[in-house]
Each structure stands twice: as structure tokens, then as C-alpha cells.
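One structure below.
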Amino acid sequence: MNDQRHPSSPAAKSEFTVQDAYAYDQRGPRRWIVSHVLRYKWLLIGSLVFSIIDFMAYSQSPVLIGRAAEEIMTPTGGDMLLRISLSVLGVLILSSFAFLGGSLLIETIAQRLERDARQELYVSLLGKSQTFHDRQRVGDIMARATDDVRQLNGMISPGARFIYETVIGIMVPLFYIALIKLELLLVPTVFLTSYVIAVRRYTRRLNPVMRNQREQFGTMNAGLEETISGIEIVKASVQEAFEQTRFRRNARLFRDYFVQQGQIEARYLPLLLYGIALGMIFLHSMVLYDAGRLSIPDIIAVMGLMGILRFPTFISIFSFSLVQLGIASAERILHIVTAQTELDENAGGYSRQIEGDIVFDNVTFRYDDDGQNIVLQDVSFRIRPGQTVAVVGQTGSGKSTLTQLINRTYDVTEGRILIDGVDVREWDLDVLRSQISKIEQDVFLFSRTLAENIAFGAPHTPQEQIEHAAREAQAHDFILTFNEGYQTKVGERGVTLSGGQRQRIALARAFLSDPRILILDDSTSAIDSATEDQIQKAIRRAQEGRTTLLITHRLSQIRWADLILVLDQGQLVAAGTHDALLRTSPNYRRIFARYDVDLPPLEPAPDLKLAAQLT
Amino acid sequence: MGFIMDGLDAEEYDRSYNDRELVKRILRYFRPQLGRMLLVAAMILLTSLVNTGLPIAISSAVDRLQEDSSTETVLLYTAIVIALGCLGWGLNAIRQRASSIAVGNVVLKLREDAFDAVLARDLSFYDSIPSGKIVSRVTSDTQALSQIVTLTMDLMSQILLIFLLIGYLFSVDAQLTLITLALAPFIVITALAFRKIARETVTQSRRILAVVSAHIQETVSGIGVAKTFRQEHTVYDEFLDVNKQSYRINLRTGYVFNAIFPILNLLAGFGTAALVYFGGIRAQDGGLSAGDWFLFIQGLNLFWFPLTSIASFWSQFQLGLAAGERVFALIDAEPRVVQTGNDRLDLVMGEITFENVNFHYNEDEPVLQDFSLTIHAGETLALVGHTGSGKSSLARLIARFYEFQDGHILIDGHDIRSLDLANYREHLGIVTQSPFLFDGTVRDNIRYGSPNATDDEVLAVAQSVGSGDWLQALPNGLDTQVGERGGGLSMGQRQLVALARVLLQNPSIFIMDEATASIDPLTETLIQEGLDTLTARRTSVVIAHRLSTVREADRIIVLREGRIIEEGDHDSLLRQGGHYAELYNTYFRHQSLEYIENAHKLGTQELRQLGIA
């Protein structure tokens with residue numbers, strides 16, 4: 001990932017910052033996680049200390065049991081046995097409480113990490129430009145803010161906790177075994193070495209199978225989902241047999257991966273190694289016993305200590321994959337946090353009220369620089385202040401991009417765009433954007449009241465003004481049909497508005513903010529004529545006194561626009577009024593041919609570039 | 001490790017099959033795997049014996065060594081311990097291998113059966129269950145169901161281990177065994193109590209996660225609005241609240257989950273101490289050897305681990321049964337569309353007759369009542385009416401997607417029920433309201449209903465729709481990937497592909513539900529031109545949403561509440577001033593040239609009233 005490229009520069013340009021924000025190291029996923037965890041270093045140290053106490057106490061228990069065995073075989077009388085038993089109880093209680101304490105501390109770190117990381121991500125999201133958000137899918141961001149931060153949580157607890165417990169849980173018992181007899185470490189050392197090798201081999205074989213299996217499950221699900229969603233076509237086209245073959249192939253492949261996984265897991269070698277190690281250390285102890293260098297109670301203690309090793313060695317595989325997942329998640333989160341906003345704010349740039357004169361001068365736009373993906377090519381036209389312009393073209397012809405260049409959602413690749421004679425890149429971005437309002441095709445409403453949605457951004461707008469705006473947007477009447485009128489809640493726990501209704505709420509919003517240039521993506525449909533009437537009125541009203549660009553499918557809007565721009569695959573193929581286009585554009589004539597219009601004779605199209613200069 | 005927490009976050013389902021029936025049904029699927037399952041059972045038994053044998057071997061060695069520490073004895077015991085370890089591993093490997101093959105095969109069979117059952121359903125089934133639920137029944141529930149068996153096998157091996165161990169311990173010393181056993185209820189009760197608490201906290205955690213997701217979803221979707229109006233701080237404060245609340249709840253859940261193992265360890269600690277003491281006293285009395293005493297202490301550890309997993313078994317088992325129920329309900333559902341014969345028609349002229357047809361989806365909501373209509377071969381028929389008037393149902397009955405209750409539907413005079421369905425549908429071409437495309441190229445999609453068509457035929461057909469002008473707008477022409485569900489194409493382009501698909505099929509009867517979505521005027525023109533091509537020379541039934549469609553139709557059928565109330569052509573119906581005129585004013589008026597020409601005045605009048613223009 002490109003995190004490494006900008007060392008120690010946390011998202012330099014940001015539109016939103018928090019005063020007392022804690023500074024994390026964003027130079028890489030590992031450093032980032034470490035800096036998050038180190039924010040709570042005392043909790044971490046506490047947890048480690050508890051864990052050491054836990055295992056030391058726990059390992060005392062086999063040692064004490066060994067002592068008890070000695071007492072049994074050669075009783076010293078008195079209450080020695082009782083005292084040893086109470087000691088066993090004591091160390092086990094101590095171990096349990098230390099275990100609990102350590103767990104709770106590390107859990108606290110993990111939960112705080114989740115909270116902090118989500119907060120850091122969120123702040124950075126608020127700070128990102130609109131350009132960034134336009135390119136990012138909401139689903140992707142959601143996944144990072146929920147799944148990935150959870151993964152970070154799991155990476156610490158139990159992930160990291162298991163790792164240090166593994167280390168402590170192996171070192172401490174080995175330490176006690178060494179205290180009993182140093183040379184007894186021989187078998188455990190050999191075991192641990194072979195164990196590490198075996199586990200690595202095991203995961204290397206298992207991981208690809210698991211990955212294939214997961215992917216195959218996805219493929220199977222997606223295929224099934226597709227068949228079911230398209231069932232009407234499947235049945236109508238009599239393709240049931242084809243779909244059945246496809247599903248069976250997918251299901252069988254999944255079964256094969258499943259069985260493969262089972263077979264690899266069945267041959268989990270570390271389990272065998274442990275069994276052998278147990279036998280070998282037993283042999284070693286007995287040999288030492290035979291030589292008179294080890295007592296029976298010692299053997300009991302050693303076997304008990306070996307038993308403790310079992311758990312740490314087996315949880316470690318699980319924890320390494322958790323940590324890997326956590327690092328991958330951190331990388332994804334950081335990718336967003338450190339992403340740079342491309343446009344500069346140009347604060348202090350050209351700043352004055354917009355008149356609404358827009359000129360496109362040989363504008364070319366492509367998404368990347370390798371010459372591919374040309375979205376707009378060599379487009380030139382001029383819009384006078386107060387004019388209404390209809391932008392027409394098929395999906396993918398570049399309509400939306402054309403309007404996005406005006407408010408600098410994107411910057412042109414070649415050519416320039418002038419507003420009131422000044423290149424948009426020289427305008428102060430804030431000044432420019434605050435005077436250009438854009439209503440998207442899919443109008444977004446917050447889960448708040450209708451009044452709050454209309455007055456979003458100006459919370460203290462008087463009710464009369466809100467209603468006035470709503471009237472102008474032809475929204476007042478339908479708002480009053482709801483029981484709670486303007487106080488009606490929108491969204492999940494409220495009413496659902498139709499596309500036409502949402503559009504009019506957005507128009508009301510625009511009436512309140514009174515932009516100089518209005519861009520309206522009006523590709524929604526109204527299937528009934530009454531709604532159509534309302535929308536016509538609202539848009540007609542909105543055009544008054546401002547430059548308006550309409551991306552529209554409505555012939556009635558196109559028909560009456562001051563200027564119609566016809567785009568085809570990024571090129572401006574026709575521009576002019578309805579009457580002019582009926583005379584000169586074959587495509588435009590074709591549309592109206594179906595309406596029994598008396599078409600004038602076709603004339604040659606004028607040179608568009610020349611026209612741009614003249615109009 | 002996770003056993004005690006398994007299944008905590010699963011939903012609970014109502015069931016209507018009884019458990020015995022369900023278990024029997026599941027076992028039937030395992031019958032072909034009988035050999036493997038017996039092998040698995042045998043391995044479980046042997047593994048349990050081996051696992052019990054290990055501590056016994058060690059403790060007996062401890063006793064023997066005190067009298068006899070000869071090389072032979074030492075090697076013998078070493079050999080026994082290692083052999084038991086290797087044997088346990090080997091037996092377990094055989095078991096896991098066999099059970100993964102058995103389970104894999106059973107799941108495969110279940111999935112195949114479930115999928116076949118799904119395919120055999122008529123469309124009423126798909127209307128009643130969302131596609132996501134069907135998918136999860138076929139893929140996830142089948143898996144959950146098969147896990148019951150794995151789960152039961154595991155449980156059996158755990159219980160067996162406990163019984164073998166206890167049996168042996170009893171034979172050594174009854175009193176100490178009772179001390180060990182006394183611990184069991186505490187462990188089980190603790191585990192159960194923990195699950196109850198954990199279930200609650202998990203539910204809360206899940207809820208708060210949904211709240212966090214909803215908040216982020218909303219603010220990220222609306223971030224443009226928030227930015228334009230400089231409301232970032234309000235939004236951020238709301239986020240902080242939600243995030244803090246989520247932290248508090250998750251912390252509590254985390255604490256609950258982290259408490260269980262220390263508590264169980266604590267219980268085991270009491271048990272161990274008790275055994276050390278009481279066992280020690282008996283050993284000092286000579287009633288017990290030191291080795292046996294050590295066996296009890298080791299046994300305790302072998303013992304409490306399986307006990308906790310027994311505590312979680314039952315709810316897991318129930319979840320598996322619930323999954324099973326959903327799978328079997330899917331497999332057992334009866335298709336409603338039943339054919340009485342399998343007559344094949346080589347040539348269909350396309351005459352469709354409805355005779356006194358009654359049709360409903362639910363008994364209390366009749367859709368078509370005593371409905372009669374004859375559609376002539378080659379006719380283009382437009383259906384108009386409000387939502388719910390029965391237009392779509394009429395079209396879908398012709399496709400035999402649903403079963404009707406009374407009357408007859410005849411195709412060229414043949415009862416529709418007597419036809420071979422696959423053969424009949426080959427004569428049908430259908431374009432749905434939002435045409436569904438399969439992930440693949442445009443070419444694949446056009447060819448979908450006619451897999452044997454050549455590339456040239458596909459190209460010819462594509463070019464005959466809207467004079468092929470739409471192909472230029474596709475980045476790679478016919479090789480353009482349409483994306484999941486055709487998402488890479490616009491709605492208009494999807495319509496064009498669907499029209500080409502049907503044109504390639506060259507059906508005798510063409511059924512189309514026109515899109516209500518708005519389509520740019522250029523594409524719209526191409527679609528209309530494509531529609532002209534398709535409706536020529538074949539029986540066409542179009543659920544009309546476009547003015548140009550109704551105007552060009554041979555006959556318009558006006559439906560209201562499942563009855564034909566008017567019929568005729570556009571001009572005559574409009575003149576009548578009846579329901580059609582009303583429908584025209586509601587749905588079609590704004591598509592007329594007159595409206596387009598006058599729309600400008602509409603707003604202008606308003607403005608004049610406001611004193612602006």
C-alpha cells in the first residue's frame with residue numbers, strides 16, 4: 001500500500017479537525033497499531049504482569065503436587081499435607097484472579113482500540129473532500145468502520161493476548177522444569193522446535209485450501225442468488241437444466257475443498273509430536289530416576305508441568321491468523337485515513353458573487369493519465385447568466401461528469417472552465433461551491449423531520465421561511481398530507497418518500513440556500529401526470545434568476561431549454577435550441593419523429609466550436 | 001476453545017416438524033454414508049479408550065517404578081505412553097478424514113436436492129420468500145444441519161470419555177470419585193448461567209453494532225449535504241455519543257466473555273486442592289497408591305473440559321434442527337403449477353383464449369374473476385389499468401408462471417395445462433419490467449435462451465434492434481461485460497439486450513412488461529423501434545406504460561379490478577371519455593407532444609401569479 005510514501009504526514013489537507021485529538025503514528029499499519037496500544041501502556045504492562053503471575057502461580061501447582069507426593073510416600077506427620085493442599089488452593093485461586101485481571105485489562109485495551117480507531121477513521125472521513133467521497137463506495141467505508149475495527153479488537157483480545165500467553169505459558173513451566181533438573185529441558189526444546197516447523201507446514205498447506213473454500217462458497221452463493229433473481233428469465237427461456245448443471249458443479253467443487261480441509265486437519269502433526277514428547281520426557285525422567293538423580297515426586301511435578309504446555313502450544317495457530325487479519329484491517333483503515341485530498345482549497349482565491357456565465361473551453365477529462373477512459377473530449381460551449389441548459393445523452397455519455405467539473409468535484413485534464421470569465425481553479429473553492437447547488441438524481445435525506453431536512457445547515461430558520469421554500473418547490477401540499485406535517489420523520493423509522501417527493505424536498509433546500517448556479521440531475525421518472533405537473537412547476541420556478549443545468553430525460557424540459565447539449569460518448573455532438581436541433585441533428589430528429597412532428601428539412605450541422613464563440 | 005460460546009449469536013426459530021421426524025429425515029441422508037459413519041463411531045470409541053489409557057499408564061508407571069526401575073520396565077512404559085499418543089493421533093486422523101467425507105457428501109446431496117426443489121417451484125414461491133432467504137437455506141442451513149451430526153459425534157466421544165474415566169476411577173476409589181463428581185454440577189451450572197448472561201450481552205452488542213452501522217451509513221451517504229451546509233460538528237458529536245455507547249456495551253460483553261474461564265479454573269482449583277488433600281490422606285492410610293492418587297488429579301483436568309461443551313450442546317443441537325426444518329420445508333413444498341399432460345406443439349400460431357378464468361394469489365383477494373378474452377394470432381395487445389388491476393397477472397398466466405383456480409386458458413385451442421411446459425415456453429418470449437441480465441457479456445445474455453445460436457446470428461439480431469445504434473455506446477460492443485445483474489449497463493441498455501434476447505428466440509408469443517423507469521430520450525427511441533420490430537408478425541401482449549405503445553397497439557384492453565371494462569383503439573377509447581380517458585390523464589398525458597409543447601406555460605402561469613415573471 002502507499003502508506004509508506006508519505007512518512008509522518010498525517011492527512012495533510014483536511015476540511016475537519018478535532019482540537020484535542022491524540023496523535024497516532026500513521027506511517028504504517030504495524031506502527032499505527034503499536035501507537036494505539038501504547039496509548040494505554042500501563043494497562044498493557046498490568047496485563048503482562050498479571051499474566052506472568054498467573055502462569056507462575058499455576059505452574060506452582062504441579063510443583064506443590066510433587067511435594068504432596070513426597071509427603072504421601074514419606075510422611076513427616078503433622079498437618080503438612082493439609083498445608084500443601086491449602087497452598088495448592090491458594091496458588092490456584094491466585095492464578096485464577098491473575099488470569100481474570102489480565103484478561104480484563106487486555107480486553108479494555110482491545111475495546112478502546114476499537115473505539116479510538118473508529119473515531120480516528122470518522123474524523124478523517126469528515127475531513128475528506130467531496131471528491132474523495134464521490135469515489136468511495138459507502139459499503140466499503142461501512143466495512144472499514146465496522147468489520148475492520150472489530151478485527152482490530154479481536155487482534156488484541158484474544159489475538160495478541162494468546163501470543164504473549166503462549167510465550168509466558170511456555171517459558172514459565174520450562175523454567176520450573178529447569179529448576180527441578182536442567183537437563184530435562186532437552187525434550188521440551190526439541191519438541192518446541194519441531195512443533196514450530198510442523199505448524200508452519202500445516203498452516204502453509206491449510207491456508208490456500210481454506211481460501212479456495214471461502215471463495216468457492218462465495219461463487220456458489222452468488223450463482224445461486226443470480227439464478228433465483230433471474231428465475232423468471234430462467235423459466236421463460238427453459239434453461240433450468242443449464243442452471244442445475246452450473247449449481248451442481250459449484251456445490252461439488254465446494255465439497256471437494258471441504259473434504260480437502262478435513263484431510264489436512266486430520267493430519268495435524270503437532271498433536272502427534274506432543275504425544276511423543278510426553279513419552280520421551282517420561283523416559284528421560286525415568287532414566288534419571290533409575291540413576292537416582294530424580295525422585296518420584298519430581299516425575300509427578302514434571303509430568304504436571306508438561307501438561308501445562310499443552311494449551312499454549314495449541315492456541316498459537318489461531319492467534320497468528322488473528323494478528324494477520326488485524327494487520328490487514330489496519331492497512332485498509334489507514335489507507336482511508338491517510339488518503340490525500342487531491343483538490344486544493346485555494347483559500348484566498350478569487351472571491352465574489354457569481355453572475356452565472358459559464359464557458360467550457362476545449363475541455364477534456366479522463367480518470368487516469370494513461371490516455372484510457374476518456375470521459376469528455378474537447379468540449380466547448382458557453383452558457384449566459386440565467387440561461388437554462390439541458391444536457392442530453394445516453395448513460396455513460398459524460399453528462400454527470402460535465403456538471404461535476406463546474407463545481408470542481410473533479411478538475412479538467414485539458415482545457416479550462418471559466419465562470420464569469422475566471423478559471424474555476426482560481427476561485428476560492430469554498431466561495432465557488434457555496435454558490436453552486438447540485439441536486440443529485442438520488443436525493444439523500446437524513447433520518448430527521450422534513451422541516452429539519454429542508455433547513456439542513458440553517459437550524460434556526462423560521463418556520464415561515466421553510467414553508468415558503470416548500471411552497472415554491474411544490475412540496476408544501478404533499479407535506480401536509482402526512483399526519484405530522486413538517487414534523488414528519490423521514491427514513492427508517494419514518495415515512496418513505498417517492499423519488500419525485502425527495503426531489504422537491506431537495507429543491508426546497510435549494511430555494512432556502514439560493515445558489516447562483518443550480519445543477520439538477522433530473523433523471524428520475526414520474527409515472528403519473530399530476531406529479532409531473534408539480535415537478536414541472538417547481539423546476540420552472542427554480543430556473544428563475546439563476547443559471548440552471550438540467551441533466552434530464554424529460555422532453556418537455558429539453559424542448560424549452562435555452563440551450564440543449566447533446567453528448568455522445570464524451571463528445572458534444574449537437575448544441576442549440578430545440579428548433580435549431582430539429583433542423584440540424586439527425587439524432588434529435590429521430591426522437592421527435594415518433595411524435596408526428598412536422599420535421600423541417602435537414603440542414604448541415606454548424607461548426608460547434610464556432611458556435612461556442614458566437615453564442 | 002470457542003465451544004462454550006458457540007451458537008450464542010444465532011436467532012431462534014419456530015419449528016413445526018417434530019424432532020423425531022426431523023432426526024429420522026437427517027439420518028436418511030446419512031444412510032449412504034453408513035460405512036463411514038460406523039468407522040467414525042468405532043474410531044470415537046477407540047480414541048476414548050486411548051485417551052483414558054494415557055493417565056492410567058502414567059500413574060501405574062509411577063507406582064511400578066517405586067519397586068522396579070529396570071530398563072525393561074522403563075522402556076515398556078515409555079513405549080506404552082508413546083504408543084498411546086501415536087495411536088490416539090492415528091485414530092483421530094482416520095475419524096476426521098472419514099467424517100469430513102461423509103459430511104461433505106451429505107451436504108452436497110442436501111444442496112442438490114434443495115436446489116432442484118427450488119427450481120421446480122412456480123413463481124408464487126419466489127414472490128413469498130426473498131431471494132436471500134432461499135440462498136441461505138440452500139447453502140448455509142444445509143451446512144448447519146450437517147453439523148448436528150459432527151456435534152453429536154463429538155458429544156458422544158466426550159461423554160464416552162467421561163464414563164470410561166469415571167468407571168475406572170470408581171474401580172480404584174469410590175469415595176474420591178464422588179469428590180470429583182461433586183464438582184460436575186457446579187461446572188455445568190456455571191456454564192449454563194454464563195450462556196444466559198452472555199446471550200443477553202451479545203444481543204445488546206449486536207444491537208449497538210447495528211446502531212453504529214446505521215449512523216455511519218447515514219452520515220457517510222449524506223456527507224455531501226453535511227459539508228455543503230457546514231454541519232460536520234453536529235454530525236461528529238452524534239457519532240461520539242454512539243461510539244461511546246458502543247464502547248460501554250462492548251466492554252461489558254467483553255468482560256463477561258473473559259470472566260468465564262477464570263471462574264471455571266477457580267472451580268477446578270477447589271477440586272484439585274480437595275483431591276490433593278483427601279486423596280493424600282487415603283494414600284497415607286495405604287488405601288491408595290501414590291500413582292492412583294496422581295491419576296485422580298490428572299483425571300480432573302480431563303474431566304472438566306468436556307463438561308463445559310456438554311452445557312452448550314443442546315442449544316446448538318436445536319439450532320441445527322431448526323436449520324434442518326427450513327431445508328426440509330423447502331424440499332417438501334408442493335409446486336402449485338401442475339401439468340396434466342405433456343403435449344408438444346411444433347408450431348404455435350399464437351391464439352390465446354381465456355375462458356371464465358378465476359385467479360387469486362391469496363384467497364381473500366381475487367385478481368381475475370370470471371375473466372374471458374381472446375387474443376388473436378399476430379395481434380398486438382396493450383394492457384392498461386391502475387396498479388393491481390390484474391395486468392401483470394394476466395401476462396404471467398399466459399407464461400404459466402402461476403396456477404389459476406377456475407376456467408381454462410387455451411393456446412391455439414389446446415388446454416395450457418395439457419402442454420409440455422418446457423416445450424411450450426420455447427414458443428414464448430418475455431421481457432420483464434426491469435430486465436434481468438446474468439453476469440457475463442452482452443453476447444452471452446442475448447444468447448441465453450438460444451444457446452446454439454452462432455455469433456453471426458447474435459450480431460444480426462442485435463443490429464436489428466433500434467438499427468443497432470445502441471451497440472456503439474457499449475465500450476466493447478457485444479463483448480461488454482454487463483456486471484452483476486446487468487448493473488454495468490443502464491436500464492435502457494438492459495431493455496435493449498432483453499429485446500435482442502427475445503428476438504433471437506423468435507417466439508410465437510411475445511410478452512412485455514414495459515419499464516416505468518425513466519430512460520433517456522435517445523435510448524427510449526431505440527427501444528420503441530426495437531419493440532416495433534418484435535411486435536410485427538407475432539402475438540404480442542404488452543403491459544403498457546408508454547404512450548407510443550398504446551397508440552400503436554392493435555387493441556387496448558382496459559382493466560379494472562380484474563375485469564375488462566373497455567376495449568378498442570387509442571383514439572376511439574379516448575373519445576369515449578371513460579376509464580381509459582382517466583388512465584390517460586393519469587399516466588400518459590405528460591408523454592404527449594401537446595404536453596411537451598405546453599409544459600413551459602405550466603410553470604410560467606404560476607410565476608405570474610407569484611408576480612415574478
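In what follows, every heavy atom counts, from backbone to side chain, and hydrogens, waters and symmetry copies are set aside. So you know, we letter chains A, B, ... as the sequences are listed, proteins then strands, and number each from 1.
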ask   = Which bit of A:V238 is near chain B, if near means a heavy-atom gap under 4.5 Å: side chain, backbone, both or neither?
value = side chain
ask   = Who wins among A:V88, A:L64, A:L86, A:L100 for the most heavy-atom pairs under 4.5 Å with chain B?
value = A:L100
ask   = Quick one: what part of A:V234 sits under 4.5 Å from any heavy atom of chain B, side chain, backbone, both or neither?
value = both
key: Side chain, backbone, both or neither of B:A120 within contact of chain A (heavy atoms, under 4.5 Å)   = backbone
ask   = Do A:T227 and A:E243 have side-chain atoms, one donor and one acceptor, less than 3.5 Å apart?
value = yes
inquiry  = Under 4.5 Å from any heavy atom of chain B, what part of A:N153 do you find: side chain, backbone, both or neither?
reply    = neither
Heavy-atom side-chain proximity of B:V118 to A:L224 below 4.5 angstrom = no
task = Count the heavy-atom pairs under 4.5 Å between each of A:S397, A:G275, A:G393 and chain B, then report the option with the highest count.
result = A:G393
key: Side-chain donor-acceptor contact under 3.5 Å, B:Y584 with B:R589   = no
Pairs of heavy atoms under 4.5 Å with chain A: top-ranked of B:I58, B:I297, B:L266 = B:L266
Audit row: B:V138, A:F247, side chain to side chain contact (heavy atoms under 4.5 Å, CB included) steps and yes/no = CA-CA 11 Å; B:V138 176; A:F247 178 79; 3.6 Å; yes
message = Using heavy-atom distances under 4.5 Å, tell me whether B:Q66 contacts chain A through its side chain, its backbone, both, or neither.
response = both
key: Contact origin within B:S246 toward chain A - heavy atom pairs under 4.5 Å   = side chain
ask   = Hey, which of B:V62, B:T71, B:T78 is the one that makes side chain to side chain contact (heavy atoms under 4.5 Å, CB included) with A:M286?
value = B:T78
inquiry  = Under a 3.5 Å threshold, yes or no: a donor from one side chain and an acceptor from the other, between B:T219 and A:Y122?
reply    = yes
Side chain, backbone, both or neither of B:A473 within contact of chain A (heavy atoms, under 4.5 Å) = both
query = So which part of A:Q394 gets closer than 4.5 Å to some heavy atom of chain B, the side chain, the backbone, both or neither?
reply = both
Region of A:I233 in contact with chain B, defined by heavy-atom distances below 4.5 Å = both
ask   = Checking heavy atoms, do the side chain of A:R112, its backbone, both or neither come under 4.5 Å from chain B?
value = both
query = Side chains of B:Y236 and A:Q119: is there a donor and an acceptor less than 3.5 Å apart?
reply = yes
key: Under 4.5 Å from any heavy atom of chain B - which part of A:I539   = neither
query = Salt bridge between A:E232 and B:R396, side-chain N to carboxylate O under 4.0 Å?
reply = yes
inquiry  = Distance check, rounded to the nearest 0.5 Å: B:Q493 atom CD versus B:M491 atom CE?
reply    = 11.5 Å
query = How about A:E265 and A:Q261: does a side-chain donor come under 3.5 Å of a side-chain acceptor?
reply = yes
ask   = So what's closer than 4.5 Å to chain B heavy atoms on A:I93: side chain, backbone, both or neither?
value = both
query = Is chain A contacted by the side chain of B:I216, its backbone, both, or neither, given a heavy-atom distance below 4.5 Å?
reply = both
ask   = With respect to chain B, which residue among A:R252, A:M142, A:Q111 yields the maximal number of heavy-atom pairs within a distance under 4.5 Å?
value = A:Q111
message = Parallel, tilted or perpendicular, judged at 30° and 60°: which one describes the rings of B:F438 and B:Y448?
response = parallel
ask   = Would you call A:K399-B:D520 a salt bridge at under 4.0 Å N-O?
value = no
query = Which of the residues B:N265, B:D116, B:L428, B:D439 is involved in the greatest number of heavy-atom pairs with chain A at under 4.5 angstrom?
reply = B:D116
note = Okay, B:Y277 and chain A: the region with an atom under 4.5 Å from a heavy atom over there is both
inquiry  = Can you tell me which of B:R95, B:R121, B:Q298 forms the most heavy-atom pairs within a distance under 4.5 Å of chain A?
reply    = B:R121
ask   = Is chain B contacted by the side chain of A:Y274, its backbone, both, or neither, given a heavy-atom distance below 4.5 Å?
value = neither
key: Side chain / backbone / both / neither for B:E112 at chain A, heavy atoms under 4.5 Å   = both
query = Among B:V81, B:V74, B:N243, B:I82, which residue forms the greatest number of heavy-atom pairs with chain A at distances under 4.5 Å?
reply = B:N243
task = Indicate whether the side chain of A:S96 and that of A:Y58 have a donor and an acceptor atom separated by less than 3.5 Å.
result = no
note = Highest number of heavy-atom pairs under 4.5 Å with chain A among B:N585, B:T523, B:I519 belongs to B:I519
query = Once you round to the nearest 0.5 Å, how far does CD of A:E114 lie from CZ of A:R150?
reply = 4.5 Å
query = Would you say the side-chain atoms of A:Q536 and A:Q557 include a donor-acceptor pair closer than 3.5 Å?
reply = yes
query = Based on non-hydrogen pairs under 4.5 Å, which of A:S556, A:G262, A:S157 is most in contact with chain B?
reply = A:S556
request  = Under 4.5 Å heavy-atom distance to chain B, tell me which part of A:S61 shows up: side chain, backbone, both or neither.
outcome  = neither
ask   = Side chain, backbone, both or neither: which part of B:T139 has a non-hydrogen atom closer than 4.5 Å to chain A?
value = both
Part of B:P475 within contact of chain A (heavy atom distance under 4.5 Å) = neither
ask   = Which of the residues B:N598, B:N423, B:D469, B:L489 is involved in the greatest number of heavy-atom pairs with chain A at under 4.5 angstrom?
value = B:D469
key: chain B contact via A:I276 - which portion, at a heavy-atom distance below 4.5 Å   = both
message = Contact between B:V107 and A:R255 at the side-chain level, heavy atoms closer than 4.5 Å - yes or no?
response = no
request  = Measure distances from B:L123 to the heavy atoms of chain A and classify the residue's part below 4.5 Å as side chain, backbone, both or neither.
outcome  = side chain
